[in-house]
Each structure stands twice: as structure tokens, then as C-alpha cells.
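Only this structure's heavy atoms are used, side chains among them; waters, hydrogens and symmetry mates stay out.
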Amino acid sequence: MSIHTAASAQEVLKGRIADDKTGEPLVGAVLKIKDTEEGSVTDIDGNYEFITSHPFPFTLVVKFAGYEQKEVEIYEALDEDLSIKLKNSSLLNEVVVVGYGTQKRSDVTGSVATVSEEILKTPVTSVDKLLQGSVAGVQVTQSSGQPGGSVSIRIRGGNSINGGNEPLYVIDGFPVYNDNNDANAGVTAGPSINALASLNPSDIESIDVLKDASATAIYGSRGANGVVIITTKKGKAGQNNISYDSYYGVSQVIKTLDVLTDAKQWAQLRNDARINSGKTPYYTQGQIDSMSGGTDWQKEAFRQAGFQNHQVTFRGGDEKTRFSISGNYYKQNGVLENTDFKRYSGRFNLEHNFSQRFRVAANLTGSQTSAQTVNDQIVRFLLLMPPTVPVKDANGNYTYQSEFETPLGNPIATLKNITNRTNTFRLLGNIYGDYTITKGLTARVSIGTDLINNKQNVYIPSTIYQGANSNSTGTAAIGAKFTNTWLNENTLNYSTNIGKNHKLNAVAGFTQQYYKTESVTGGSQQFVSDALTYNDLSTGAVYTKPTSNTSDWGLQSFLGRVNYSYAQKYYLTITGRADGSSRFGKNNKWGFFPSAALAWNINRESFLASNDYISNLKLRLSGGLTGNQEIGLYQSLSTLSTNTYFFNNQTVIGFSPNRISNPDLSWERTKQFDAGVDIAILNNRVDLTIDAYYKKTSDLLLNVPIPYTTGQSTALQNYGVVSNKGIELALTTQNVKTEKFNWTTSFVYSLNRNKVESLGDGVDYVISGQSIAKVGQPLGSFYGYKSIGIYQTGEATPGNIKYADINGDGQITQDRDRVVIGNAQPKFLAGLTNNFYYKNFDVSIFFYASYGNKVFNQNRQQLEQLTGQQNASTAALDRWTTSNPSTTMPRAFFEDATTVVSDRFVEDASFLRLKNIVIGYTLPAKLTNKAHIGKARFYIAAQNILTLTKYTGYDPEVSKNEQTTLTQGVDYGVYPNSKSYQVGLNVTF
């Protein structure tokens, strides 16, 4: 930019510096005459003025954090003010959504991360999957490959042993805890359906993740596990358009397991097992020699499955009214036969300005989802069914079950014939009004509701194993669950500037929320015909016991937050929220959750004003207290349970106490401290955020032993402490930026160390199956024996597994020789995304890594029993014999299956995965303009196509117990994850 005038030299230089798009004044922008110290800094209105005697011509250099530096050449004196507009060059000046408001990123004092625009374009079933590898400090686990299946999320580690650990989701201002039980009426058997899958990811405009106490304390008793704020797309004035987004794809299982599929090999294994146990062989050698082939049950069950998505969106409006209307259809077939997930959804967002002071907005989404889920026995049956059993008999009918000792039904017959469907309708929305009372003071009143209507249908025909296993000829069950949540929020927001350097923003409010759910189940057995399935329970000869239930909770809250800044250099945030919850004892209904944070924009200090390398440098420090109310309902009250008794040969129902009251039951409280630094250098080409945190959760809600004189063995009380500490790093670099080619890289790294500090007086551990919560160890630890090889000839029981005698007493016992044998929590997580743009082409490559986490491979535990009563791993071919003294695989032995938990089955589940790759092409404008199209882009994509891991199971990203923390990292009969390929189209008119 050059300025030429014919006027004589002037000594005063003045004007205004502003944002090139919004026109907002840039306070604290630095102006200097190049290669000198002469200059000025803009005031609260973005104005500057200084006197110079520097001879003409000279170059005026203008700098402001988060904006591109600008140089203005001045040749002669100016006749008028010189106003300069700077272009935003980083994320510092974008608006991020925080609790009950928004802030510029440069003004944020807490730890807040935003999911990038490129990640939001990723085609996924549910919004929570978009967080994996894109936000530091967030661990996302796809619990199973069931279409629409459950996802588990931990923000900065798990805090609770028995309570909820999932974050709070705030969708357009409506707080939602993602409890999958809301989409489960209680009759289906298999993986849970993700309740959040009802929200269409294509409707999302932005996702902001609040991680530290300063950011989450505004949500008080629900902020301990972090907060995910989701904002959906809104209409914009003067931007009327119609868009259509679509993709088609296919998926297939990532891998299958190596089990015996050769009938001869399995028959020999069965004979060896019987001979080693002193029994006669089952097969003669002639029978074995005549065998050929064998059934590959996994091959019979897995398929290449299609999926598709279609979305139409209308957006636009004017200065008074803005709207966004969308409709979506999504269908995903599972890689296992007869499993699927479908979603129909619609969204309506509207904003209307009745006047300059009064604005009303509404956000409403409705969805209908339907999922056919896999029976929870299927994967286990696929692995354990012997290859000598055919899928169909000589008459073309499905084989009923395995002929051998382990009871196994034909999994293919079950897959194709069972009905195990979950249907969920969800309506989520709110309406609010903003009224400006006076300059800087705005009131908002919001009313919202979340309705979930769930129905589950189950029918197991008499022709399959499960349908006749209980001496019935067909089994039907129906469950219905209706959940209603309403919310009212009332807030005041005040913003003002005091003098030239002081800026104040405050929010205060009162909110109330109420939740109620009702459910009912019923069923029948012994149907005359399978024709009506679950549609007429009265045709069953035997009715199963019906159930019904209702529960509710309420929450009232007072909240407040004050943000103060001085000269855009020094920031202070103070937050407090008081929550009153019906979930807790009468003596502890209310809790108060405060936090405070400081931030210092060092780069705006005068001693860095002339620095050409540092674009941004901010230090942050925060501390505070948050709570967790996700503990179940009525836990503080004494309750009764029903029991069945027999008197005079008649069945009667009675009641007995099953819990004593605890009027002092209170919140689980999490104290958290966070220190962070935000750095941008080389004119924002490199942007780095580092956080270190420590959080300590106390008053854990645990069932602790109590005297038997109370009539109960345990009671829920506030005992125990769990801590998490860690480091997070988020790095974004602009590697190349030219007119034709652009390359950016984003890297996130998370390290968290979890530890059980206390479990109450005199309690050192809590055991649940193969998992243990033990003082001094992290949650998710596995507990069992240490194996030290195979007994050899001359030793006791040659060919059997040898376990370590930990206490040296010469015996192997449960209470003295079991130790911690691994942990499911990773040592670190990392995500790496590279985005390339060349002319009209775009490429995005995303890698995700997890290191140090272990998985208890219970599938392998079953497959290595080598009893000859069920199928086995191909590792059985190297089993111990006198001529093959294997040190890894035991001998075959015909005995009842035993499930010894040992470190043999605790495997390193570290992995590096090519999570997503997308290659797109946008048609040139000269072509789209002729067709009256605003923009058209085609792309091809692939997900999970490469996984590097030592884990021997289906997939290292697995958790049989889904969202639980104590028993995480168990792989047993879980629906395997899949890889996929797809093509897509984005077009805007």
C-alpha cells in the first residue's frame, strides 16, 4: 500500500486500526516507523496519534496479535487521518463458545479447545466420534463396531469409580448427559445404542471443549468430567442458499481371528484332549482321514456392508430474520449379517429481530433412529463353534447347535432369524428471547425440552438355539421407555468499558431442570407359530413377568461469572455456581462450585512490541472446584426390594429392605489446577498450546462395608480419592502458503496419569471380575496371576501352565498370588492431521495413535483352553506334547472350561491408525457459474484402512463394558470395528 500527497510535511500522524471484516477496533495495535522506535499504540477505540520528525519517505509497520502484519509506505505528509484495516491471520480473534456466552480466543483464560473445520467435515455416525484425535486431553473409544453403537469419552482421565465419567454435552444451550440407558428399554441383548447418535453431525457448526475448572465450573455439579459445547448451523443474513451433501460407501471387518477352520486339525485336537485326560478318542483315524475342509464361521457371518447419507439444507435470511432448515437420511448396514442403523432427522433453527432491543430464536431437532443389534452371544459363538459343524444340514436346514459339550447355538441362524431392534424418537430443542435493557445489559429467558421415546422389540424363533434353550417354542419381549427433560434458564449479561483500558463482562442467572423417565416391559414364550413374532404377546402360552418403573430428578442452580481485562494484557475470570440436586441426602442438597483464572498476554507488553517473531504469547493459570452428580437416583434413601416366597404351595410377593438411608450423601468433588501457555510465532505460522494440569476427585461414592447389625452388608457413602495429572500439547503449523499450494499440519498429544489415592478407611482394593481398583494403581487395572511358562517333563502336571508363587508358600491361591498384571489406560494419545490444498484439489490425512494401553483378551482366553469341547486358536497347532515341549502353549486336556485370569491374555494394545484420508476436487467457478451452482465438490475417502498394532484380537480399540471406568479394556464377544471406503458430493446452489 502506498500513500502519495502533494502537501508539505506534517508532524502529526493519526488514524484508526480495525478488523478488515467486522470493523471492530483493535485495541493495543502497535504502529512503528520501520527501523526506528518512533510509533504509538491504539487506545480503547482503536485510535492512535503520534508526532514524528522522521524525513519522508518512510514505512509505517502495523502489528497486532492474531493479525497479519501490514506495511504502509508514506512518501509525503497526509491531509487526512490514516485508517488501516488488518486481516485476521489466526484463531486468536475467532469467537469460541463458553458456558453461557462467547469470548474471543485471545480473551479466554481457561483451557478451551475447538474442533477444526476440516474435522467437522468427516463423515461419522455420531458427533462424539469427531473428538477422537482432534482435541488434546480427550480420549475417545469406539466400544464396538455395532452400527450406531456406544462411544466412551474421557476428558483428562476418569474421575469416578461408580459414578458417570462421560462429559456434559451442551447442544445449543441445552445440557445433556449422554446416558445410553435413555435409549434402552431393557429387553434387547447386545451392545448399547449411542443416545447421541440421534444428533446429525452434518448440522454442526462448531464444537468447543471446556477442560479446566475455570471453563467448566459454570456448570457446577455436572462439570467435573469436562463439557462439550455443540453449536448447530444457523442462517446468515444475505446468504441464501440450498446445499445437498451425500456419500455412499462400503465397509468390511478390519481383520478376522486365526481359529481352526480345518476339520481334521480340530478333530485331532479333540482326540488329543481326551487321550491326555485318560479318555478314549472321539474320532477314529479313518474318520479323520475322510474329513475335508471345514466351516469358516467368521467367513459365513461377515460381509461387505453398504452405507449412505443424504442431507438437504436451506439457509439464509435478512437482517431481521435468519433461518436454517435441514433434513437428513442415514443408513449403515453392519459387517455382521442382519445388523444395521438408520436415522431420519430434521433441524429447524430460526432467529428474528423484533426490534433493535428484542430478539427471539428457536433451535429444534427431531430424529427417528432404528437399530438392529447383534445378539451378545454371536461373536463368541462364531469363534468357538467347531469347524466340523456345518452351517446347514443335508436337508438344507440350519444346524441347531454344536454336538459337543460346550453349549453353542448356530450363530448364522441366530443372525438371520432373530429380531433385536431398538427404535428411538428424540425431540430436542429450546426457544429463547434476548432483550437489551440498557446499553451493555441484556436479559435472556430460555425454555427447552428433550423428549426421548424408546421402544425395543425382541423375537427369538423356536427354530434357533436361543429360542428353545429354555424349553420354550419362541420367545418375545417388548420394552418401552419415555424420558422427558425440561429446562428453564434465566440470565443477565453485562458488558462495559471503563475508561480506556478496563473492560468488564459479567453473567448471572438462575436455572432449573427436571428429568423424568417411565418404562415398561412384557413378554411371552411358547408360541404356537413364529408368524406374528412380537406383535401379539397374547398368543404365547407362558407370560414372562412384566416390569414397570419410573424415576425422576430435579436440579436448581444459581450461577455467576465475571471477566475483567486491563489493556488487553491482563485478564481475571471468577466463576461460581450453586447447585441444588434431588439426588443427594437431605443434609447436602446444595453444593457450591467456584473457580478463578488469570491470563497475561505478554506479547502486548512494550518490551515485545518490536519483536518480529512472536505473534502471540499468553500465560494462563486457573484453579477451581467442580462436581459430579451422575450417581444414579434415590441413593441417599432407604429402599425396599421385592422378593418371591412360597407359602402353602402358593407364590406370594414380599418386600425387604435393600438399602439404608444416608442423609449426608453428597457430591463427588473434583479440584483442578491448570497452567497453560499459548504461543504463536513467525506471523502465526506456528501456533502452540501447552497445558499441565492436576485434578483430585474426593468424596467418591463407594459401597463400603457396614456392621451386619444394620441388616445390610454395605452402604453407599462418600469415601475415596482418585487423582489425574497430565500434559497436553496442541500444535498447528502453516508449512507452505502460496497462491496455488497450501499445506497445514495439526498435532495433538495427551499424557494422563491416573491413580487411586484412597478407598476409605481400611479398604485397599475393590475387585470386579478381572479388574481391580487398588490404592496406588490407576483405574482400569487388571488383576490375576503371572504365568511363567509351561511345566515340562519331570515337573508336576507337564504341559500345564505354570504360575508364579508370589508369596512363596508353595501354593497358588487367589488371595495371595494375584497381582496387578496391566492397565487399560494409555500412556499417551496422539493425533496428526495434514491438510493439503493445490488449486482445486484438497487432501486430508489423519493418523491417530494410542500407546501403552493394555487389553484383556478374553476371546483368546477362551480359544486357548484346548479342551476339545469347542474351537480353538490356530496357536493350538503348536501345543505342548512330549515331542513338542512348547513353552507358550499348554497341552490339550479334556476338562470343564476354566477361566484363569493371567497376564497371558493381557496384551499390548498400542496402535497407530490411519483414521481418515480424504481426497477432494472442487469444480472451477467458471463451470459452476454456467450451471447456476455456487459450489460443487466431489471426494473419495477411507477410514481405518491401516492399523499397526501387536494386538492379536479383532481391534485394539475395544471395551466390552462400554462406558464404565473400573472394568474398561476387556475384549470378549465384542462386535468388531470395520474399515470403510466411500465417495461423496457437496453441492451448494
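Taking both residues in full, the closest heavy atoms of Thr949 and Phe911 are given as CB-CB, 3.8 Å, listed atom of the first, atom of the second, then distance. Nearest heavy atoms, Gln792 versus Pro885: OE1-CB, 3.1 Å. In plain terms, the two heavy atoms of Gln456 and Thr188 that are nearest each other are NE2-OG1, 3.2 Å. Taking each heavy atom of Tyr459 and Tyr534 in turn, the nearest pair found is CD1-N, 3.9 Å.
Counted by atom type alone, Asn535 and Asn457 present zero donor-acceptor pairs between their side chains at under 3.5 Å. Gln298 and Thr256 form no side-chain donor-acceptor contact under 3.5 Å, judged by distance and modelled atom types alone. With hydrogens and angles left out, the side-chain atoms of Ser126 and Asn194 include a donor and acceptor closer than 3.5 Å. Looking at Glu957 and Gln132, their side chains do bring a donor and an acceptor atom within 3.5 Å of each other. Ser370 and Arg421 form a side-chain donor-acceptor contact under 3.5 Å, judged by distance and modelled atom types alone. Donor-acceptor pairing under 3.5 Å is recorded for the side chains of Asp878 and Asn884. Between the side chains of Asn395 and Asn397, no donor-acceptor pair is found at a separation under 3.5 Å. For Asn859 and Tyr954, the side-chain atoms include no donor-acceptor pair closer than 3.5 Å. Looking only at atom types and distance, the side chain of Thr463 has no donor-acceptor partner in the side chain of Tyr398 under 3.5 Å away. A donor and an acceptor atom, one from each side chain of Asn184 and Thr422, are nowhere located under 3.5 Å apart. Counting only N and O atoms by type, the side chains of Arg154 and Thr965 include a donor and acceptor under 3.5 Å apart. Counted by atom type alone, Asn420 and Thr373 present one or more donor-acceptor pairs between their side chains at under 3.5 Å. If you check the side chains of Thr881 and Ser883, you find a donor sitting under 3.5 Å from an acceptor. In the model, Asn857 has a side-chain atom that pairs as donor or acceptor with a side-chain atom of Glu907 under 3.5 Å. Between the side chains of Thr521 and Thr547, at least one donor N or O lies within less than 3.5 Å of an accepting N or O. Residues Ser192 and Asn180 bring no donor and acceptor atom of their side chains to less than 3.5 Å of each other. Thr947 and Arg913 share a side-chain donor-acceptor pair at under 3.5 Å.
Judged purely by atom type and a 3.5 angstrom limit, Gln252 has no side-chain atom pairing as donor or acceptor with the backbone of Phe302. In this structure, the side chain of Ser902 engages the main chain of Arg904 through a donor-acceptor pair within 3.5 Å.
A salt bridge does not link Asp376 with Lys960: none of the charged nitrogens is closer than 4.0 Å to a carboxylate oxygen. Comment: Arg270 engages Glu405 in a salt bridge, judged by a side-chain N to carboxylate O separation of less than 4.0 angstrom.
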Q. Going through the checks in order, is the side-chain contact (heavy atoms from CB on, under 4.5 Å) test met by Tyr283 and Thr388?
A. CA-CA 12 Å; Tyr283 295 103; Thr388 56; 3.9 Å; yes

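By the 6.0 Å contact criterion, OH on Tyr851 is open, its count of non-hydrogen atoms from other residues, nucleotides or ligands being 12 or less. Heavy-atom contacts from other residues, nucleotides or ligands closer than 6.0 Å to NZ of Lys455 number more than 12. Atom OH of Tyr282 has more than 12 neighbouring heavy atoms from other residues, nucleotides or ligands inside a 6.0 Å radius.
The aromatic rings of Trp266 and Phe404 lie tilted to each other, with the angle between the two planes from 30° to 60°. Between Phe782 and Phe856, the two ring planes are tilted [angle within 30° to 60°].
One distance of note links CG of Asp340 with CD of Gln146; it measures 8.0 Å at 0.5 Å rounding.
Screening Asn800, Asp272, Thr882, Thr797 against Arg891 for a side chain to side chain donor-acceptor pair (under 3.5 Å) leaves a single residue, Asn800.
Relative to the ring axis of Phe894, Arg274 places its NZ or CZ within 45° and under 6.0 Å from the centre.
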